[in-house]
Amino acid sequence: MSKKIVHDALILFAFTIVLGLMLALVYGITKEPIEKVNYEKTQNAYKQVFADADSFEDYAAFDEEAANSLLTEAGYADEIENVVAAKDAGGSVIGYVITVTAKDASQSTITFSVGIQNDGTVNGYSITSIAETPGLGMKAQEESFYSQFEGKNVDSFSVVKQTPVSDSEIESISGSTITSKAMANGVNACITYFQNVLGGAN
């Protein structure tokens, strides 16, 4: 009986080793293509919110923990994931792209990149991850909603249900006020970080 147990254990051990090697091989094969797709996805998001930029470079002074402590103190549940400097052909910084994850959406978190020029003007946002309700919250990806943020230089945005009467007001997606507010809060979090860390409207 003990020999059978040892035999079965050895078979199980061998199976585990083979399975582990197969997983490592698959990971090795797929890692580079996945990284390439993710890189292209983020670069496209950056370009969508900063079409004038020639290149994007990681903001070396970015401190994720400090950034999110700042947001918490300001009353935001959102988290800033990373920051890149948008540069022109001559290498001068013309603004920043801040990637934020909104935690207060309707169905799940929403991750998107926000472009902000040196003078504080918001270029707009580009969503990289969203799982809101089709036909409702998913409309945050549609131009009719996201275009409301473009070209605005304000301290913060607020969501309204009627036609906006100022640059700081964003008309809510019909039937999806929660998602609308999540997007506005995420953009506001990026503006807060920009004003407090990146020098504001210099």
Check: Is there a side-chain contact between K87 and F56, using heavy atoms and a 4.5 Å cut-off?
Finding: no
Check: Roughly how far apart are Y193 OH and I116 CD1, rounded to 0.5 Å?
Finding: 11.0 Å
Note to self: In the structure I gave you, are the side-chain heavy atoms of F157 and V122 within less than 4.5 Å of one another anywhere?
What the structure shows: yes
Item checked: Under 3.5 Å side-chain donor-acceptor pair for E79 and T101 -> no
Check: Is the closest side-chain donor-acceptor distance between Q117 and N123 under 3.5 Å?
Finding: yes
Notebook entry, point to check: Quick one: are E142 and I173 in side-chain contact, heavy atoms under 4.5 Å?
Noted result: no
Next item on the list: Indicate yes or no: does E171 engage K161 in a salt bridge with an N to O separation below 4.0 Å.
Entry: no
Check: Do T133 and Q107 come close enough that some side-chain heavy atom pair is under 4.5 Å?
Finding: yes
Next item on the list: Sort out for me which residue in N188, N68, V100, L70 forms a side chain to side chain contact (heavy atoms under 4.5 Å, CB included) with Y76.
Entry: N188
Contacts table for residues 88-99: side-chain donor-acceptor under 3.5 angstrom, sequence neighbours left out:
residue : atom : partner : partner atom : Å
D88     : OD1  : G90     : N            : 3.0
D88     : OD1  : G91     : N            : 3.0
D88     : OD1  : S92     : N            : 2.9
T99     : OG1  : N82     : OD1          : 3.1
T99     : OG1  : S113    : OG           : 2.9

Margin query: Running the 4.5 Å side-chain criterion over Ile, Leu, Val, Met, Phe, Trp and Tyr, what cluster does V160 land in, apart from itself?
Written below: none
Next item on the list: Please assess T128 against T111 for the test side-chain hydrogen bond (donor to acceptor under 3.5 Å, both in side chains), listing each intermediate value before the final yes or no.
Entry: CA-CA 6 Å; T128 54; T111 300; 5.1 Å; no
